[in-house]
Colleague: 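One structure, pasted below without further comment.
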Amino acid sequence: MAQAGLVGGALTVNWCLEVLTDFLKDLNEVQRNAVIATKGPVMVLAGAGSGKTRVITYRIAYLINNEGIAPGNILALTFTNKAAGEMRHRVDTLLHKGSSSGLWIGTFHSVFARLLRNYIDLIGYDSNFSIFDSDDSKSLIRQSMGELNISVDAVPVNTVQGIISRAKNSFILPAEFHSNASDYNQQKASQIYELYTRKLKENNALDFDDLLIKPIELFNARPEILAELQDSFRYIMIDEYQDTNKAQYLVAKMLGAKHRNVFVVGDDAQSIYSWRGADISNILNFQDDYHDALTFKLVENYRSTGTILKAANSVISRNQRQIKKELISHRNEGEPLTLIEAYNERNEAEKVGEHIRTMRLKQDYEYRSFAIFYRTNAQSRVLEDIMRQHKIPYKIFGSVSFYKRKEIKDAVAYLRFILNERDGESLLRIINFPPRKIGDVSIGKLKEFAEENGISFYDAIRRAEEGGFQARLVTALGSFSTVIEALKDLAESGTVYDVLSELFNLTSIPLLLQAENTPESLARNENLQELLSMARDFSDHNPDNGSLGDFLENISLASDYEETQDSDNYVSLMTVHAAKGLEFPVVFVTGLEERLFPLHCYEPDELEEERRLFYVAVTRAQEKIFLSWAQSRYQYGQQHYCLKSMFIGEIDASIIQTESGVLLSDRPEKEKPVGSGLSSSKGYQPKMATPSSPFAAADKSNLSKSGLRAGTMVHHALFGPGTVLDVQGTGAKQKVRITFRNTGEKTLMVQYANLKIQS
DNA sequence: TAACTGCTCTTTTTT
DNA sequence: AGAGCAGTTA
């Protein structure tokens with residue numbers, strides 16, 4: 001614009017108009033209005049597939065190109081790295097290449113980690129702080145509980161971690177938590193929270209939640225920093241606003257307070273992170289904070305067929321708490337949904353694989369057109385097995401993360417410790433890895449020595465010869481600290497790659513794994529080599545080769561690791577949570593069973609969130625949806641009998657067909673669901689259908705003299721109507737697990753329960 | 001100190 | 001079913 005301005009006024013106007021029309025012609029009217037409303041607070045309620053990402057990216061491009069805003073003045077916050085990368089990429093495509101450099105696009109966590117590197121020394125941390133993942137933080141909580149003599153058996157560490165995390169996400173600091181702690185348990189939790197916080201600081205470490213709340217503490221302590229940042233971030237955009245928690249809400253509000261150009265996009269119907277402290281009222285109450293906020297509603301859906309939207313609308317309409325809006329289709333009706341009914345999870349996976357194969361051959365779909373969703377990560381395993389067996393290329397997103405593997409965590413712990421020698425968690429990981437004969441006893445002695453002399457644990461190691469330890473231990477500690485010191489020196493001058501390869505040299509970890517020569521150890525070694533090549537990539541693709549700190553930050557905050565694939569044509573496997581924001585031509589939603597999806601429904605609110613999750617799954621699909629459930633499934637190493645998910649019944653039976661193409665609405669009532677699925681399945685001959693199969697055995701064991709079996713509808717005098725989930729044992733001791741419509745799940749003794757069977 | 005054994009607990013979902 | 005842990009033994 002500035003250049004055009006030099007040439008002359010008329011030209012400027014023409015050029016601008018051209019760019020303007022160019023830009024905005026791809027948008028509908030509401031989208032366009034949202035894009036050009038650049039001043040003041042704006043909220044966009046964007047239904048699934050209504051072009052939400054498009055609006056944000058066009059707005060960024062419009063700000064840069066048409067309003068001449070410097071990219072550095074724009075802050076765009078997302079929830080996943082994937083979304084951030086996608087957004088940056090799209091802005092780059094929209095403008096000319098490189099336009100996005102200088103833009104602040106990232107997840108809340110990564111953006112604030114970056115900011116904290118610059119300012120955290122002002123609130124008493126060193127800028128080389130470590131970022132603790134949830135395992136690290138769990139271990140620190142366990143330590144804290146130990147020191148407070150609180151038994152881990154009495155209160156599980158996971159529970160405590162959840163309580164602390166929820167407090168942090170609601171920006172309740174230890175002092176406030178303490179003064180609100182009414183009962184005994186809360187007082188205990190408060191003590192742990194306080195000690196845990198202190199320990200984090202001793203370790204010069206932040207946990208994930210700290211990345212959100214430390215900025216708030218910083219802004220409160222140093223208003224001048226806040227003022228500085230408010231002026232840098234003149235335009236703030238937040239994606240998936242329905243999933244922000246209190247801390248995120250606060251930090252965004254603070255940053256936007258001066259210029260008030262806060263632009264939030266969200267969909268209350270897709271709020272699926274309340275368990276992480278996400279507060280749907282942030283979006284519902286946006287206008288209370290900004291009375292002059294403009295609101296736009298995007299309901300035109302460009303993604304899915306009419307049938308898919310009909311299904312989605314009908315599902316979400318059952319929720320009480322929602323802003324009513326129906327998505328309007330811009331595509332043809334499309335095909336009905338297909339219901340897959342299977343014996344068990346293996347059979348389910350087989351059928352999914354079979355459908356992928358035939359659709360690819362007969363209908364010209366590519367592997368990349370398909371996505372398979374599941375509710376829990378544990379379900380991915382069978383699917384993965386079957387895909388591999390059938391030679392279908394696939395990729396699992398965000399499963400057991402690459403970075404959570406032991407060997408990777410060990411290597412990363414070295415790197416973390418080199419950078420931050422107060423990081424005790426990392427030190428404990430590596431001090432005896434590879435084995436140096438430094439066990440718990442020696443560590444205890446060292447700790448004592450450190451405390452007596454008021455020095456740090458690592459200083460105690462460095463000064464081990466003064467401690468009067470056994471010569472063998474002193475030698476071991478000496479060789480350990482030699483390695484660390486050498487690596488520290490190298491970290492000053494060399495690249496991340498240099499440090500990592502020298503680490504492998506000095507410790508011989510790869511050699512040890514090779515020598516072990518088991519399939520597992522060789523796989524571990526391969527993972528380490530993969531890490532090494534990632535380090536090389538990182539050095540190559542970053543200015544000044546990138547710092548070790550940045551490398552570690554990427555690793556800590558990366559959710560999924562992009563495994564190098566031979567091609568990019570593969571079937572995608574992921575949890576429904578991970579699927580948010582994505583779209584695929586063909587979608588399989590698997591495991592649609594009561595107690596799996598929906599997972600647990602103790603509270604109506606929880607059921608509504610599960611339903612929103614199902615809504616997210618359905619609205620990912622562009623052309624075709626398969627819904628599948630299995631009659632039995634292994635969970636916790638035990639076989640369970642399943643009931644069809646209520647969600648299937650919430651879709652009009654006239655738009656669902658069986659695998660043989662019969663609409664559910666036309667199917668005779670009497671026909672057994674699984675029976676019909678079986679008789680019509682051609683390709684797969686179930687191995688399980690032999691008398692010795694678990695399936696057949698189930699029929700025997702589950703049928704009892706009482707006439708109760710999984711699926712039986714019963715009535716209890718006190719608890720009312722319910723459905724039998726499973727039957728355990730026989731005779732007088734027979735117990736039955738029932739999910740009651742009103743009171744939830746109960747296990748009852750058959751002989752006392754006095755159940756009436758409903759026909 | 002490390003290897004072995006039997007026990008418990010897990011599974012929501014993610015940064 | 002599998003991982004992780006405490007307690008025991010070599």
Side-chain angles (χ1 to χ4, degrees), chain A residues 77-84 106-113 131-139 142 151-153 156-159 162 165 168-169 206-213 240 243-245 247-248 270-278 345 373-382 397-401 403-406 432-445 470 472-473 476 520 553-560 574-581 591 595-602 606 609-610 612-614 616-617 633-640:
Chain A
L77 296 167
T78 64
F79 270 78
T80 61
N81 297 300
K82 212 188 283 165
T107 61
F108 275 87
H109 292 84
S110 67
V111 163
F112 291 117
I131 298 173
F132 274 13
D133 67 17
S134 60
D135 288 342
D136 299 320
S137 103
K138 201 171 290 172
S139 144
R142 195 175 288 120
S151 160
V152 184
D153 297 327
V157 180
N158 281 334
T159 310
S165 178
K168 286 183 148 187
N169 282 319
L206 303 188
D207 66 14
F208 286 141
D209 303 324
D210 282 334
L211 295 174
L212 304 175
I213 63 174
E240 311 280 9
D243 284 328
T244 48
N245 59 38
Q248 288 164 324
Q270 293 183 66
S271 158
I272 54 176
Y273 283 99
S274 71
W275 51 275
R276 202 169 82 182
E345 72 276 10
F373 299 156
Y374 35 83
R375 178 63 181 81
T376 66
N377 279 310
Q379 291 165 251
S380 71
R381 227 176 135 147
V382 194
F397 288 82
S399 60
V400 179
S401 165
Y403 304 105
K404 287 212 169 124
R405 293 167 203 220
K406 182 186 177 304
N432 200 31
F433 180 83
R436 297 186 178 89
K437 307 220 182 271
I438 305 172
D440 288 346
V441 178
S442 308
I443 289 172
K445 284 186 205 159
Q470 285 177 327
R472 200 180 64 181
L473 178 58
E520 294 80 31
E553 197 167 294
N554 279 344
I555 287 181
S556 311
L557 300 179
S559 56
D560 47 27
M574 64 188 82
T575 63
V576 186
H577 280 89
K580 193 166 72 158
R595 300 162 51 78
L596 183 61
F597 197 1
L599 190 66
H600 53 24
C601 327
Y602 305 116
E606 288 172 329
E609 177 143 326
E610 293 289 315
R612 290 194 294 269
L613 193 57
F614 183 57
V616 167
R633 181 179 298 275
Y634 272 93
Q635 278 168 318
Y636 307 95
Q638 272 196 322
Q639 197 179 22
H640 286 270

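Convention: sequence-line order gives letters A, B, ...; per-chain numbering from 1.
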Colleague: Which part of the nucleic acid, if any, lies within reach of A:Y273 when heavy atoms closer than 4.0 Å are counted: base, sugar-phosphate only, or nothing?
Modeller: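 It contacts sugar-phosphate atoms only.
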Colleague: Under 4.0 angstrom, heavy atoms only, what part of the nucleic acid is A:N158 near: base, sugar-phosphate, or nothing?
Modeller: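 Since only primed, P, OP1 and OP2 atoms lie under 4.0 Å of A:N158, the category is sugar-phosphate.
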Colleague: Could you please name the option among B:dT13, B:dT1, B:dT15 that lies closest to any side-chain atom of A:F208?
Modeller: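 Ranking B:dT13, B:dT1, B:dT15 by closest atom to the A:F208 side chain puts B:dT15 first.
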Colleague: What is the distance, rounded to the nearest whole Å, between atom CG of A:L599 and atom P of B:dT14?
Modeller: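 Between P of B:dT14 and CG of A:L599: 13 Å.
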Colleague: Less than 4.0 angstrom between a side-chain N/O of A:S134 and OP1 or OP2 of B:dT14, yes or no?
Modeller: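 Checking B:dT14 against A:S134, no side-chain N or O comes under 4.0 Å of OP1 or OP2.
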Colleague: Does a side-chain N or O from A:T575 land closer than 4.0 Å to OP1 or OP2 of B:dT14, or not?
Modeller: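 So the side chain of A:T575 is within the cut-off, an N or O lying under 4.0 Å from OP1 or OP2 of B:dT14.
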Colleague: Tell me: CD of A:E606 to C1' of B:dT13, nearest whole Å?
Modeller: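 Atom CD in A:E606 sits about 12 Å away from atom C1' in B:dT13.
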Colleague: Roughly how far, to the nearest 0.5 Å, is the CG atom of A:L596 from the NE2 atom of A:H640?
Modeller: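 Atom-to-atom, A:H640:NE2 and A:L596:CG are 11.0 Å apart.
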Colleague: I want to confirm an ordering. Mapping A:A578 and A:K445 to their closest nucleotides on DNA chain B, which one lands closer to the 5' end?
Modeller: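 Its nearest nucleotide being more 5', the pick is A:K445.
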Colleague: If we take the C1' atom in both B:dT11 and C:dA6, what is their distance in whole Å?
Modeller: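 Here B:dT11 and C:dA6 have their C1' atoms 23 Å from each other.
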Colleague: Check A:D207 with A:K168, please: is the shortest side-chain N to carboxylate O separation under 4.0 Å?
Modeller: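 Salt bridge present between A:K168 and A:D207.
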Colleague: Roughly how many Å is it from CD in A:E609 to P in B:dT13, rounded to a whole number?
Modeller: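 After rounding, the gap between these two atoms is 14 Å.
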Colleague: Given C:dC5, B:dT15, B:dT13, which nucleotide is nearest the side-chain atoms of A:R142?
Modeller: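 Side chain of A:R142 sits closest to C:dC5.
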Colleague: I'd like to know if the side chain of A:R612 and the backbone of A:Q270 have a donor-acceptor N/O pair within less than 3.5 Å.
Modeller: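 Such a contact is absent between A:R612 side chain and A:Q270 backbone.
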Colleague: Tell me: CD1 of A:I272 to C1' of B:dT15, nearest whole Å?
Modeller: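 So the two atoms are 14 Å apart, to the nearest Å.
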Colleague: Within the stacking criterion (centroid distance below 5.5 Å, interplanar angle below 30°), does A:F79 stack on B:dT14?
Modeller: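 So A:F79 does not count as stacking on the base.
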Colleague: May I have the distance from A:F597 (atom CZ) to B:dT11 (atom P), rounded to whole angstrom?
Modeller: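 Rounding to the nearest Å, CZ of A:F597 and P of B:dT11 are 19 Å apart.
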Colleague: Pick base, sugar-phosphate or nothing for A:S110, based on heavy-atom distances below 4.0 Å to the nucleic acid.
Modeller: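 The answer is nothing, as A:S110 stays clear of every strand by at least 4.0 Å.
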Colleague: Whole angstrom is fine here: how far is it from OH in A:Y634 over to C1' in C:dG2?
Modeller: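 A:Y634 atom OH is separated from C:dG2 atom C1' by 15 Å.
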Colleague: Does A:N169 have a side-chain nitrogen or oxygen under 4.0 Å from the phosphate oxygens OP1 or OP2 of B:dT15?
Modeller: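 For A:N169, the contact criterion (side-chain N or O under 4.0 Å from OP1 or OP2 of B:dT15) is not met.
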Colleague: Name all residues meeting the side chain to side chain contact (heavy atoms under 4.5 Å, CB included) criterion together with A:S110; count only those two or more places apart in sequence or in a different chain, and write none if there are none.
Modeller: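 Here the qualifying residues are A:T107, A:L557.
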Colleague: From C-beta outward on A:A378, which listed nucleotide comes closest to its side chain: B:dT15, B:dT1, B:dT11?
Modeller: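 So the nucleotide nearest the side chain must be B:dT11.
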Colleague: In whole Å, what is the span from the CG atom of A:D207 to the C1' atom of B:dT14?
Modeller: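 My rounded result for the distance is 14 Å.
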Colleague: Would you say A:E240's side chain and A:F79's backbone share a donor-acceptor pair under 3.5 angstrom?
Modeller: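 Not a single qualifying donor-acceptor pair exists.
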Colleague: How about CZ on A:R381, more than 12 heavy atoms from neighbouring residues, nucleotides or ligands closer than 6.0 Å, or not?
Modeller: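 Not buried by this count: 12 neighbours or fewer within 6.0 Å.
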Colleague: Among C:dC5, B:dT1, B:dT14, find the nucleotide with the atom closest to the side chain of A:S442.
Modeller: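 Selected nucleotide (nearest to the side chain): B:dT1.
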Colleague: Before giving the answer on side-chain hydrogen bond (donor to acceptor under 3.5 Å, both in side chains), spell out for A:E553 and A:S556 the whole-Å C-alpha distance, their side-chain angles and the decisive distance to 0.1 Å.
Modeller: CA-CA 5 Å; A:E553 197 167 294; A:S556 311; over 6 Å; no
Colleague: May I have the distance from A:Y374 (atom OH) to B:dT11 (atom P), rounded to whole angstrom?
Modeller: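 In whole Å, B:dT11 P lies 17 Å from A:Y374 OH.
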Colleague: Polar atoms only, N or O, under 3.5 Å: list the protein pairs with nucleotides 2-6 of chain B and their distances.
Modeller:
from	atom 1	to	atom 2	distance (Å)
B:dA2	OP2	A:N432	ND2	3.4

Colleague: My understanding is that only residues two or more places apart in sequence, or in another chain, count here; which of them pass salt bridge (Lys or Arg N to Asp or Glu O under 4.0 Å) with A:D209?
Modeller: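 By the salt bridge (Lys or Arg N to Asp or Glu O under 4.0 Å) rule, A:D209 matches no residue at all.
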Colleague: Please compare A:L613 and A:Q470 by the position of their nearest nucleotide in DNA chain B and report the one closer to 5'.
Modeller: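 Comparing both residues, the 5'-ward one is A:Q470.
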Colleague: Given B:dT11, is OP1 or OP2 found less than 4.0 Å from the side-chain N or O atoms of A:N377?
Modeller: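 For A:N377, the contact criterion (side-chain N or O under 4.0 Å from OP1 or OP2 of B:dT11) is not met.
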